[in-house]
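Since the structure comes first, as structure tokens, the remarks are kept for the end.
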Amino acid sequence: MYLRAGCQIAVSPDTKYFAVDWLGVEVTRATLGIIGMGSIGYKVAQKARAFNMRILYHNRNRRRKEEEEAVGAHYCAKMEDLLQQSDFVMLVVNLTPETHKLIGKKELGLMKPTATLVNISRGAVIDQDALVEALQNKIIRAAALDVTYPEPLPRDHPLLTLNNVIITPHIGTATVQAMRMMAEEAIANMLAVLNGQPIPSEVFPK
């Protein structure tokens, strides 16, 4: 991928100059497909709006019209339609029996050959064997993964050898501020339970 290769060129002892015709892919005005438009997916849409991206989303439940209009998002009842149209596909779903290997060989085959798959949910949402095959055979252009299955991957896993994938060690919330807020939220939930009060951020509301 552009960023990974660029870092290697920048630090390589063999680099004498930077090529002027070495070009990446523009995000501005590209189509972003968000699979999973919960609170995190919606935050992604808000940020993508700043880049004038065309935003498509697929979710179990459609967002309210005013929420869609606020970020310029268009609902795709069928995930297949989103996959076929998107330049970037971002996975922001919970891992459940329904989303286990949600993206497999069929789904990857529906994506544009110029598309990038981004996974910030859970590793098992993607069939990793199918992803390796798709990246090796240029079925899709690239992948960016903050999550894998397992974590970390075995050191001989083929994903680690590909030059069109970026893998980060599940650091989507790895900031001092985020960890502090998560700890405070957990404490608030525990105190609410102990005091017989409603849980502020209940995972499965009654």
Side-chain angles (χ1 to χ4, degrees), residues 3 27 32-51 53 55-77 79 82-83 86 88-104 107 116-128 131 143-155 157 159-160 165-206:
L3 179 61
V27 170
L32 170 65
I34 301 172
I35 299 177
M37 189 66 112
S39 58
I40 297 175
Y42 195 76
K43 289 286 186 183
V44 170
Q46 289 175 322
K47 290 173 172 58
R49 172 83 165 182
F51 289 95
M53 298 188 84
I55 302 168
L56 307 177
Y57 79 96
H58 173 74
N59 201 46
R60 285 178 300 178
N61 302 306
R62 184 169 184 173
R63 284 270 184 171
R64 290 182 289 115
K65 185 177 180 182
E66 52 268 36
E67 291 175 326
E68 291 180 343
E69 291 177 348
V71 294
H74 304 278
Y75 178 66
C76 292
M79 187 174 70
L82 178 149
L83 293 171
S86 299
F88 298 88
V89 173
M90 181 171 284
L91 303 174
V92 202
V93 296
N94 293 321
L95 179 59
T96 67
E98 291 73 30
T99 61
H100 182 259
K101 293 190 177 180
L102 179 69
I103 303 298
E107 291 73 25
T116 297
L117 179 64
V118 181
N119 189 8
I120 63 169
S121 57
R122 290 294 182 271
V125 169
I126 298 176
D127 180 339
Q128 288 184 160
L131 178 60
L145 313 172
D146 188 42
V147 287
T148 58
Y149 183 80
E151 292 176 349
L153 287 172
R155 298 297 87 186
H157 197 283
L159 273 176
L160 302 180
V165 60
I166 287 178
I167 301 174
T168 50
H170 206 149
I171 55 173
T173 57
T175 68
V176 172
Q177 294 87 349
M179 288 297 180
R180 180 181 294 277
M181 288 187 292
M182 289 164 66
E184 291 173 350
E185 186 174 355
I187 292 168
N189 282 306
M190 288 186 284
L191 290 175
V193 171
L194 292 172
N195 293 319
Q197 298 172 342
I199 303 172
S201 50
E202 192 172 5
V203 177
F204 298 108
K206 294 181 177 62

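Separation of atoms CE (Met53) and CZ (Phe88) is listed at 5.5 Å; rounding is to 0.5 Å. In this structure, CD in Gln177 is found 11.5 Å from CE in Met179, a value given to the nearest 0.5 Å. Within the model, atoms OG of Ser201 and CE of Met182 stand 11.0 Å from one another, a figure rounded to the nearest 0.5 Å.
Considering all non-hydrogen atoms of both residues, Cys76 and Leu56 come closest at SG-CB, 4.0 Å. Scanning both residues, Leu160 and Pro154, for their nearest heavy atoms gives CD1-O, 3.4 Å. Here the shortest heavy-atom pairing between Gly38 and Arg63 reads O-NH2, 3.0 Å. Residues Ala77 and His58 approach most closely at O-CE1, 3.1 Å, considering heavy atoms. Between Leu95 and His100, the shortest heavy-atom contact is CD1-CA, 4.0 Å. Taking each heavy atom of Ala192 and Pro198 in turn, the nearest pair found is CB-O, 3.5 Å.
Annotation: side chain of Leu102 is not in contact with side chain of Glu107 (no heavy-atom distance under 4.5 Å). The shortest side-chain heavy-atom distance between Ile34 and Val92 falls under the 4.5 Å cut-off. Annotation: side chain of Ile120 is not in contact with side chain of Val147 (no heavy-atom distance under 4.5 Å). Between Arg122 and Thr99 the shortest side-chain heavy-atom distance does not fall below 4.5 Å. Leu32 is not listed as a side-chain neighbour of Val27, based on a closest heavy-atom distance of 4.5 Å or more. Contact of the Leu117 side chain with the Ile126 side chain is registered, since non-hydrogen atoms from C-beta on lie closer than 4.5 Å. When side chains are defined from C-beta on, Val125 does not count as touching Lys101, because their heavy atoms never get closer than 4.5 Å. Looking only at side-chain heavy atoms (C-beta outward), Leu159 and Leu153 come within less than 4.5 Å of each other.
Of the possible polar contacts, none joining the Tyr57 side chain to the Tyr42 backbone as a donor-acceptor pair under 3.5 Å is found. Proximity of a side-chain donor or acceptor of Arg60 to a complementary backbone N or O of Gly36 within less than 3.5 Å is not detected. Using a distance-only test at 3.5 Å, with no hydrogens or angles considered, no donor-acceptor pair links the side chain of Asn189 to the main chain of Ile199. Without hydrogens or angle criteria, Glu67 side chain to Arg64 main chain gives a donor-acceptor distance under 3.5 Å. With hydrogens and angles disregarded, a donor-acceptor distance shorter than 3.5 Å links the side chain of Asn59 to the backbone of Asn61.
Between the side chains of Ser121 and Asn94, no donor N or O sits under 3.5 Å from an acceptor N or O.
Checked for salt-bridge contact, Lys65 and Glu68 miss the test: no charged N lies under 4.0 Å from a carboxylate O.
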Determine, step by step, whether Ile187 and Leu191 satisfy the side chain to side chain contact (heavy atoms under 4.5 Å, CB included) criterion, reporting the C-alpha distance in whole Å, the side-chain angles of both residues, the deciding distance to 0.1 Å, and the verdict. CA-CA 6 Å; Ile187 292 168; Leu191 290 175; 3.9 Å; yes
Run Glu184 and Arg180 through side chain to side chain contact (heavy atoms under 4.5 Å, CB included) and show every step you take. CA-CA 6 Å; Glu184 291 173 350; Arg180 180 181 294 277; 3.6 Å; yes
Do Gln128 and His157 pass the side chain to side chain contact (heavy atoms under 4.5 Å, CB included) test, and can you show the C-alpha distance, the side-chain angles, and the key distance before you say yes or no? CA-CA 10 Å; Gln128 288 184 160; His157 197 283; 3.8 Å; yes
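Among the candidates Asn119, Thr173, Thr168, the single residue satisfying the side-chain hydrogen bond (donor to acceptor under 3.5 Å, both in side chains) test with Asp146 is Thr168.
Atom OH of Tyr149 has 12 or fewer heavy atoms from other residues, nucleotides or ligands within 6.0 Å.
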